[in-house]
Structure formats: structure tokens, C-alpha cells
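Following: one structure in C-alpha cells, then a few remarks.
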Amino acid sequence: MNPLRYELVFSDGTDSAEDIVIVERTQLKGSGGHPVYSDATGIIRAEISDRDEVRILASGGHQQPSQNVRARPLPEADPAG
């Protein structure tokens with residue numbers, strides 16, 4: 001079962017700078033058959049496998065997919081809390 005949310009960690013390849021974006025699972029599947037996740041703006045979209053492998057998907061023209069991205073699953077929110 002794939003998590004509902006992930007942190008995508010974008011690094012510059014030297015691990016000296018990182019940006020983190022929270023993405024949530026959508027109803028879409030990518031070309032690899034895995035769920036597609038998106039940030040709140042819809043700009044960041046990624047297909048994430050059940051082994052946490054990330055493939056960034058273009059959401060507009062002139063984008064260059066990042067190569068240094070890791071996915072960290074986030075725990076499910078507590079519905080009681």
C-alpha cells in the first residue's frame with residue numbers, strides 16, 4: 001500500500017542545499033503504473049513506486065526534471081487529533 005503523503009527532498013547533488021515539498025496522492029497513475037503525487041499548487045508532480053523511487057513529471061512547458069530527488073513517506077494524520 002502506498003502512503004497518502006510524501007516529502008520530496010530536492011538536493012543540489014552535493015547535499016549542501018535541500019528543498020522539501022509535501023505531496024499527496026492523486027487518483028492518477030503514471031506510465032509505470034504507480035500512483036502520481038502532487039503538491040498543493042499542482043506544479044510539482046511525481047510518480048512514486050512502492051519502493052519509494054521517484055520520477056518527476058512535467059506539469060508545464062520548459063521544465064527540466066530534477067535528478068536528485070528522494071521520497072520520504074509521511075505518517076498518516078490522526079483523524080481523532
Correct closest heavy-atom pair for V54 and R70 would be CG2-C, 4.1 Å
Residues I44 and T41: closest non-hydrogen pair is N-OG1, 4.5 Å
Sorted by chain and residue number, the side-chain hydrogen bond (donor to acceptor under 3.5 Å, both in side chains) partners of R72 (sequence neighbours excluded) come out as E7
**Prompt:** Should V36 and K29 count as side-chain neighbours, where that means a heavy-atom distance under 4.5 Å?
**Reply:** no
The side-chain hydrogen bond (donor to acceptor under 3.5 Å, both in side chains) partners of S49 (sequence neighbours excluded) come to E53
H34 and E47 have their tightest heavy-atom pair at N-OE2, 3.1 Å
Can you confirm whether L74 sits close enough to I22 that some side-chain heavy atom of one is under 4.5 Å from a side-chain heavy atom of the other?
yes
- Item | Donor + acceptor pair across side chains of S38, R25 (<3.5 Å) | no
Tightest non-hydrogen contact, residues L8 and I48, listed as CD2-CD1, 4.0 Å
Between E18 and S11 the two heavy atoms that sit nearest each other are CG-CB, 4.2 Å
S31 and R55 have their tightest heavy-atom pair at OG-NH2, 2.8 Å
The side-chain hydrogen bond (donor to acceptor under 3.5 Å, both in side chains) partners of Y6 (sequence neighbours excluded) come to D52
Original post:
Is the shortest heavy-atom distance from the side chain of I56 to the side chain of F10 under 4.5 Å?
Top reply: yes
d(L57 CG, L28 CG) to nearest 0.5 Å is 9.5 Å
